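What you see is a predicted model; the values in this text were computed from it and never measured.
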Amino acid sequence: MGLGVPTRSIPVPPAPVDDTPAEGVISAAQLKAAVHDGGEIALLDVREHGQYGWSHLFYAVPLPYSRLELDIERLVPNKATRVVVYDDGLSTVAARAAARARAIGYRNVLVLDGGVAAWAAAGYELFAGVNVVSKTFGEVVEHELDTPSISAEELQAALARGEDLVVVDGRPVDEYRKMNIPGAICCPNGELVHRIRTIAPDPKTRIVVNCAGRTRSIIGAQTLRDIGVPNPVVALRNGTQGWRLAGFDLEHGSDRLYPEPVDGNDEAADWLVGFAAVNGITFISPEVAGAWLRDVSRTTYLLDVRTPEEYELHHAPGALHAPGGQLIQASDQWLGVRNARVVLTCDTGIRSAVVANWLKRMGWDVAVLEGGRSGWGRIGASGLGHEEAAGRLPALVVLRPAEIAAMQADGGAPVALIDLRPGMTFRKGHVEGARWAIRPRLAAAVADLAADARIVLIAADPRIARCAAIDLAGLGRMVAGLVTADAADWKAAGFSVVATPDEPSEADCIDFLFFVHDRHDGNLEAARRYLAWETGLLAKLDDRERAGFAIIGTDHGVKEGNV
C-alpha cells in the first residue's frame, strides 16, 4: 500500500453551477479561510476510523458517526462553537451527523460542501495517518531545534560495550509492554521531568529516549534538554521500528516501569519559576480557571496531565484525564476545538508547565493552574456542555443468547442479528447467520429484511448499539434489544460461532485503518513506509499550516539548572 493519498480514492464531484454554498454548508475555500482566521472552530471528520486515516484535512479531528453522541460533548464542550463536519462528499453521513449535532444542541453546524473530494479538487492537501498535527509537530521540533539522535546500530554498539547509559521509553505502559528496546525503562514523556533524577541520578549517564517511531523520541529527548538536565540526551532515531529494521530483536511483556520521583527536591519551585519565565508560560488562579470554564463565549478545556493512577485517586472537579506525553502526541484525542483555551493541572505545576510549553509551541492558548492540587476545590462548577449526549440515547433491553434462541423458536416475526462490533473482530468470530454492519451503513444492512423483523444488535459496547438504534428508528425498524455476550455464552445457548477471514472485505472495513497497520508485527516493509510517511509530513504543509506552529523561528528552552 502506498503512502500518498491515491487520486482514485478521491472522486472529484461535478463542478457546481456557481460557487455559492447552499444554506448549512461551507465551501472548501471558505473552510480554508475559517481554520486560519484565529477564531474557534471544530473541524470534525465524521467518517469511520479507516476512512479518516486514509485521507483527511490537516486540522481535522476524528469523530466517527458511529460514536458521535459518545464523544462530541467531550471534544466540543461549548455548543455555541463553530462546527464543520465532513465526509467523502458522496454519502449522507456528514448531513446525518450535522442533524444529530443540532439535535443535541449545537447551534452553529455546517457541512463541508463536497467533503474531502471538494477539498482536493480545490487544490488543498490531504493527509494520511492519525494524530497528524502532533506528528508533524515532532518533525518541526527536530528541524527547528536540532534535537540530537542516535541510530539503532550506534545504540546497540554502546550497550554491547557496557557504556553508562539508560534507555527510557517515552510511551504509555501498554505500548511499552507490547515491545521495547532491551533493557529500556518505561517513563511516559509527561513524566520525564518528574522522575528523571530517579532514573538517571548520575549526570554523566547518557539518556536515550525512544518510542515506536519518531515523535515521542524527539519530544522526550528535547524535553530533557529544555529543562536543563546535565546528562547528555539523545533520541533513538526511528524508535523500535528502526531497531527492528537494523536487525535487532525487541523485548516483549517487560515491566520496568517509571519509578517514584526523588523526595525533597527543594530546587523544583525555583526551577518552575525560571522555566515559566523563559518560556512565557501563563499561570492562572483557580478562580480565573473557573470563570473561563463558565464563559460561554469561549471554549476552555481543563486537563489533568498526571498518571492514570494519580487521576483516579483524586482530581479537580470537571477535569478530564490527559496524560501529558499523550496529550502532546495525540492532541486531537482531547482538543476538538482549534483556538480554544487549555488549562492544565497536576500536583505541583511542574508537569503541567512542561506540557504547557509544548502545547504553546504547537500554537495553543494554554495556561497552568496555580497551586496544583491545593487549588482544585476553588475552581467551581463548569457552565459549558458536559450534559453527556450518551446519557440521552434510547434505552435498549439487554438480552441473553438463550433469549434469542427462544425468540427464533416462538413462531413470531423473523429475528435478525446485526453485529456492530469492529469489522476485524467480526472476521475472527461471530454468530453464524449474523450480518456485520456499522452505523453509517445500517440502511443497506437492513434493506432486505422483512418489515416486521425483530432486530437484535450485537455490540461489545452497549452505547454503540444505542447510537445505532437512533438510525434504525429513523428507518422505521424495530430493535428488540442488544446482546453483549461473548462467544462462550453464544455456544452455550446452542449457536455456532464462525470465522470469516475475508468478511467484511477490506473495502467494507471502513472502521479499520489498513495504513501500514502491521508495522509493529514483523512487517519491516510497512515500518519503512511508515517512517518515510512520518519524515515526509513537514514537506506537505502549506505556509498557513506551517505558521500555525509557534515554535518556528523562535528561541526556546532553559539550558541551566536541574529539576
Between Thr348 (side chain) and Ile350 (backbone), is there a donor-acceptor pair under 3.5 Å?
yes

Validation row: Val398, Val483 side chains within 4.5 angstrom (heavy atoms)
no

Yes or no on side-chain contact (heavy atoms from CB on, under 4.5 Å) for Leu359 and Val342, after CA distance, side-chain angles and deciding distance?
CA-CA 9 Å; Leu359 292 184; Val342 183; 4.2 Å; yes

Can you check whether Gly336's main-chain N or O pairs, donor with acceptor, with Tyr301's side chain at less than 3.5 Å?
yes

Hey, is the main chain of Val133 close enough, under 3.5 Å, to the side chain of Tyr59 for a donor-acceptor pair?
no

Closest non-hydrogen atoms of Cys346 and Arg306, given as atom of the first, atom of the second and distance, are CB-CG, 3.6 Å

Kindly indicate whether the side chain of Val168, heavy atoms from C-beta on, has any atom under 4.5 Å from the side chain of Leu224.
no

Worked verdict on His430 versus Trp490 for ring pair (Phe, Tyr, Trp, His ring centres under 6.0 Å)
CA-CA 9 Å; His430 59 270; Trp490 283 105; over 10 Å; no

Main chain of Asp489, side chain of Asp486: is a donor-acceptor contact present, judged purely on distance under 3.5 Å?
yes

Any sub-3.5 Å donor-acceptor pair from Arg361's side-chain atoms to Ala550's backbone N or O?
no

Ser217-Asn210 side chain donor-acceptor pair, cut-off 3.5 Å:
no

Arg463 CZ to Leu482 CG distance, which is reported to the nearest 0.5 Å
12.5 Å

Can you tell me how far the CD1 atom of Ile181 sits from the CD atom of Glu251, to the nearest 0.5 Å?
9.0 Å

Under 4.5 Å between any side-chain heavy atoms of Pro188 and Tyr258, yes or no?
yes

Can you name the nearest heavy-atom pair linking Val497 to Gly429, along with the distance?
CG1-C, 4.1 Å

Do Val173 and Leu257 come within less than 4.5 Å of each other through their side chains, counting heavy atoms only?
yes

Going by side chain to side chain contact (heavy atoms under 4.5 Å, CB included), Leu303 matches just one of Val355, Leu327, Val366. Which one?
Leu327

If you take all heavy atoms of Phe426 and Arg435, which pair is closest and at what distance?
CE1-C, 4.2 Å

Any donor-acceptor N/O pair, Gln241 side chain to Ala212 backbone, under 3.5 Å:
yes

Output yes when Glu534 and Lys135 qualify as a salt bridge under the 4.0 Å nitrogen-oxygen rule, no when they do not.
no

Here the pair of heavy atoms bringing Gly349 nearest to Val368 is O-CG1, 4.2 Å

Quick one: do the Asn231 and Arg206 side chains pair a donor with an acceptor below 3.5 Å?
no

Would you check if the side chain of Trp376 reaches a backbone N or O of Thr345 as a donor-acceptor pair within less than 3.5 Å?
no

Do Ser66 and Arg439 have side-chain N/O donor and acceptor atoms under 3.5 Å apart?
no

Between Asp45 and Leu63, is a side-chain contact (heavy atoms from CB on, under 4.5 Å) present by the stated rule, with each step listed?
CA-CA 6 Å; Asp45 189 319; Leu63 179 60; over 6 Å; no

Please check if the side chain of Trp243 supplies one atom and the backbone of Leu155 the other of a donor-acceptor pair under 3.5 Å.
no

CD1 (Ile218) and OG1 (Thr223) are apart, to the nearest 0.5 Å, by 11.5 Å

If you measure from the Lys or Arg side-chain nitrogens to the Asp or Glu carboxylate oxygens, is any gap between Glu503 and Arg427 under 4.0 Å?
no

Are the side chains of Met362 and Ser134 in touch, meaning some heavy atoms are under 4.5 Å apart?
yes

Checking Arg171 against Tyr176: charged group under 6.0 Å from the ring centre and within 45 degrees of the axis?
no

If I take atom CH2 from residue Trp364 and atom CG from residue Leu335, how far apart are they, to the nearest 0.5 angstrom?
4.5 Å

Would you please test Trp533 and Phe515 for ring pair (Phe, Tyr, Trp, His ring centres under 6.0 Å) and show each step?
CA-CA 11 Å; Trp533 163 78; Phe515 175 76; 5.5 Å; yes

Just do the side-chain contact (heavy atoms from CB on, under 4.5 Å) check on Trp358 and Asp226 with the steps written out, would you?
CA-CA 11 Å; Trp358 284 120; Asp226 284 353; 4.0 Å; yes

Establish, yes or no, whether the cationic atom of Arg47 lies under 6.0 Å from the six-membered ring centre of Tyr52 and within 45° of the ring axis.
no

For residues Asp164 and Thr205, is any side-chain donor paired with an opposing acceptor at under 3.5 Å?
yes

Tell me the closest heavy-atom pair linking Gly325 and Asn189, and the distance in Å.
CA-CB, 3.9 Å

Please report the shortest heavy-atom distance between Asp169 and Ala184, naming the atom on each side.
CB-CB, 4.5 Å

Is the closest side-chain heavy-atom distance between Arg225 and Val229 below 4.5 Å?
no

Polar side-chain atom of Thr535 near backbone of Leu531 as donor-acceptor pair, under 3.5 Å:
yes

Side-chain donor/acceptor of His252 to backbone N/O of Lys178, under 3.5 Å:
yes

Give the intermediate values and the outcome of salt bridge (charged side-chain N to carboxylate O under 4.0 Å, His left out) for residues Glu175 and Arg216.
CA-CA 12 Å; Glu175 293 186 47; Arg216 286 170 288 189; 3.0 Å; yes

CG (Leu513) and CD (Glu48) are apart, to the nearest 0.5 Å, by 12.5 Å

Decide salt bridge (charged side-chain N to carboxylate O under 4.0 Å, His left out) for Asp71 and Arg74; before the verdict, give the C-alpha distance in whole Å, the side-chain angles of both, and the deciding distance to 0.1 Å.
CA-CA 5 Å; Asp71 296 328; Arg74 174 180 60 82; 3.7 Å; yes

Please test Cys509 against Phe514 for side-chain contact (heavy atoms from CB on, under 4.5 Å), starting from the C-alpha separation and ending with a verdict.
CA-CA 9 Å; Cys509 253; Phe514 288 90; 3.8 Å; yes

Side-chain heavy-atom pair Asp521, His517 within 4.5 angstrom cut-off:
no

Would you say the side chains of Glu260 and Thr198 form a donor-acceptor pair under 3.5 Å?
no

Could you tell me if the side chain of Asp508 sits less than 4.5 Å from the side chain of Arg441, heavy atoms only?
yes

Does a donor on one side chain sit under 3.5 Å from an acceptor on the other, for Glu154 and Ser151?
yes

Apply salt bridge (charged side-chain N to carboxylate O under 4.0 Å, His left out) to the pair Glu310 and Arg351, showing each step before the final yes or no.
CA-CA 13 Å; Glu310 290 173 289; Arg351 282 177 282 184; 2.9 Å; yes

Atom CZ of Phe275 and atom CG of Asn357: how far apart are they, to the nearest 0.5 Å?
4.0 Å

